[in-house]
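Accompanying notes for the structure given below.
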Amino acid sequence: MSHADNPGVTVAAGLVRGLRVCLLLTVRLALLGAIALRCSLSPGKGRFAPRRDAWLLATVTALGPAFVKAAQILSTRADVVPRHVARVLSTLHAQVRPLPLGGATRHFGPGLRHLLRDDPGLAARPPVAAGTIACVYRATLTDGRTVALKVRRPGIARQLTTDLAVMQALARLAARLPPLRGVPVADITRQLAASLRGQLDFDRERRSLRFLADNLAEEPHVRVPAVYDDLCGPEVLVMEYLDHLHRPTAAGTDGEQAAVTALRAAYHMLFLDGFVHCDLHPGNLVCGPGREVTLVDAGFTVRLTPHARDKFTDFFHAMGLGDGRACADIVLSTARPGPDTDTDAFRRDLAALVDSSGTTAATFDLMDFAVRLFALQRRHGLYADPQFVFPILSLLVLEGTVRSLGPHLDFRAVARPYLTIALMERAIAQAQRRQEPG
């Protein structure tokens, strides 16, 4: 690893960066105040909202990669931020600058450098995909294999580590403000920081891709690119390059079949493996050709504890049965109550929500249900365990793709076989434990 990518943070670097961030936020907040004042003095309605949204995007972008990536993750946290804010932050996914590979090959292992020696123009080649943390390049090895090189951006580890320290310090200060008292701002920021650090760890992603490939092998039409372990390193992930991937249109049988395949893969991960892929947007989950689905990234994943997997399985099962009281009891057993939480009122409200959410594909809307569930939790001062929230958020990210391909697909009908297997496996394991001596 180069000195520039040394993740250590000096006190001086943190202080300098913290001062710059505070100065930038002061200027940007003054600008927001000026925008609000100007709009209040101008005739017409609805002018402030688009300007506020543009201000938010510009502010996050100006703060740098760590804040951009944290905002991208936050855009999936419907349990934390209002829906319109999440929608604005989600547009940051496309606002990253692609970089040619340049001299990054000097950080590759000797074996990979040797196999890349005959690929002309590799250093100047633009990426096929660009993210905040890494870019992906197509390359040809001397043995004829076409590979995807996922390469970490230069200096990003040190930059993210410094910015995350600043972000967590700001969160501790913000938690003392009267409007945020009782809100676990520091905990949420720690969760974001942990997610970001996990995406810097290419060895972890390599293992996650291998886990997905092994565990989803029994699911027909699901593909995970092969990882070439001997060529990977701390700053590069080398995978099989998959040609001819495309997304089918929303109309037609292919699209609906691909949507079913995507849901089956997600449910297999959630209910049978206790493995959550938190970033199943169309760039990472490629549908097509036909009913095929390919998972091409595993940077943002979470392993559920057995307890959390059981709780989520029970919640999804109770929701399918329309048992709102059972749903409420499960949420209460996983959430952290605030000082003013009225658990009886929460049970009544969640039971009413489950009753009103419909029982068929035509009437059930997962996004609407989740947004209202999280709004209920915030209103009653409940702060959910991330291990319980992440599976729901994973399905929310996936829902947009699934609904565009199969508008009338019944999420719960596709989940039913996986729920049945998970519940049966648990019952068998419990029976076996009871029969053990002692």
Side-chain angles (χ1 to χ4, degrees), residues 1-10 13 65-66 69 96-164 195-215 217 223-245 279 283-284 286 294-301:
M1 185 179 291
S2 68
H3 175 71
D5 267 349
N6 185 343
V9 180
T10 65
K69 192 65 182 177
V96 290
R97 182 167 60 94
L99 291 175
L101 189 56
T105 54
R106 71 181 182 274
H107 302 305
F108 296 174
L112 178 58
R113 288 202 305 271
H114 179 75
L115 288 171
L116 290 170
R117 68 186 187 278
D118 294 334
D119 190 343
L122 179 61
R125 187 170 302 156
V128 295
T132 306
I133 289 174
C135 294
V136 180
Y137 306 85
R138 176 175 176 160
T140 303
L141 305 182
T142 55
D143 59 12
R145 285 179 292 175
T146 301
V147 297
L149 305 174
K150 183 174 181 178
V151 183
R152 207 162 64 185
R153 287 178 177 267
I156 193 66
R158 185 180 183 86
Q159 189 173 1
L160 279 182
T161 304
T162 302
D163 278 2
L164 289 175
S195 298
L196 279 171
R197 292 190 188 100
Q199 292 181 57
L200 285 170
D201 188 346
F202 279 10
D203 185 57
R204 178 179 180 273
E205 182 173 0
R206 177 186 61 79
R207 295 193 305 271
S208 293
L209 283 168
R210 179 75 65 190
F211 179 87
L212 286 171
D214 291 343
N215 286 44
R223 188 171 182 182
V224 180
V227 180
Y228 304 119
D229 298 289
D230 56 324
L231 302 178
C232 296
E235 299 180 42
V236 61
L237 193 62
V238 186
M239 300 169 284
E240 168 190 18
Y241 189 90
L242 300 175
D243 281 310
H244 312 304
L245 293 175
D279 206 14
N284 291 337
V286 182
T294 306
L295 283 165
V296 297
D297 186 281
F300 187 10
T301 57

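Positions are given from 1 along the sequence.
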(request) Nearest 0.5 Å please: distance from the NZ atom of Lys150 over to the CG atom of Leu209. (result) 8.0 Å

(message) salt bridge (Lys or Arg N to Asp or Glu O under 4.0 Å), that's the test. Do Asp203 and Arg207 meet it? Break it down for me.
(response) CA-CA 6 Å; Asp203 185 57; Arg207 295 193 305 271; 2.4 Å; yes

(message) Between Arg125 (side chain only) and Arg138 (backbone N and O only), is there a donor and an acceptor less than 3.5 Å apart?
(response) yes

(message) Testing Val147, Val151, Asp229 one by one against Val238 for a side-chain contact (heavy atoms from CB on, under 4.5 Å), which residue passes?
(response) Val147

(message) Testing the basics here: between Pro127 and Cys135, what is the closest heavy-atom pair and its distance to 0.1 Å?
(response) CB-CB, 3.8 Å

(request) Enter the distance from His114:NE2 to Asp143:CG here, rounded to the nearest 0.5 Å. (result) 9.5 Å

(request) State, yes or no, whether a side-chain contact exists between Phe108 and Glu235 at a heavy-atom distance under 4.5 Å. (result) no

(request) Examine distances only and state if a side-chain atom of Arg152 and a backbone atom of Leu200 form a donor-acceptor pair shorter than 3.5 Å. (result) yes

(request) Could you tell me which non-hydrogen atom of Pro100 sits nearest to which non-hydrogen atom of Ala124, and how far apart they are? (result) CB-O, 4.0 Å

(message) For a quick test of reading the model, state the closest non-hydrogen atom pair linking Phe300 to Ser195 and the distance between them.
(response) CE1-OG, 3.5 Å

(message) Please find the pair of heavy atoms, one from Ala134 and one from Phe202, that lie closest to each other, and give the distance.
(response) CB-CZ, 3.9 Å

(request) Indicate the atoms forming the closest heavy-atom contact of Arg204 with Gly299, along with that distance. (result) NH1-O, 3.8 Å

(request) Find out whether Gln199 and Leu160 are in side-chain contact, i.e. whether some heavy atom of one side chain is under 4.5 Å from a heavy atom of the other. (result) no

(message) Is the shortest side-chain heavy-atom distance between Asp297 and Glu205 below 4.5 Å?
(response) yes

(request) Mind checking the OH-CG spacing from Tyr137 to Leu122? Nearest 0.5 Å is all I need. (result) 9.5 Å

(message) As an exercise, state the distance from OG1 of Thr140 to CG of Asp119, rounded to the nearest 0.5 Å.
(response) 5.0 Å

(request) Look up atom CG in Leu141 and atom CG in Leu116, then write down how far apart they are to the nearest 0.5 Å. (result) 5.5 Å

(request) Would you indicate whether the side-chain heavy atoms of His107 and Val236 approach each other to under 4.5 Å? (result) no

(request) State, to 0.1 Å, how close Met239 and Val296 come at their nearest heavy-atom pair, and which atoms those are. (result) SD-O, 4.3 Å

(request) Check Asp163, Leu164, Thr161 against Leu196 for a side-chain contact (heavy atoms from CB on, under 4.5 Å) and give me the one that passes. (result) Leu164

(message) For the backbone of Gly131 and the side chain of Arg153, can you confirm whether one donor and one acceptor N or O come within less than 3.5 Å of each other?
(response) yes

(request) To the nearest 0.5 Å, tell me how far Asp201 CG sits from Leu237 CG. (result) 10.5 Å

(request) Side-chain contact test, heavy atoms from C-beta onward, threshold under 4.5 Å: evaluate it for Thr301 versus Phe211 and give yes or no. (result) no

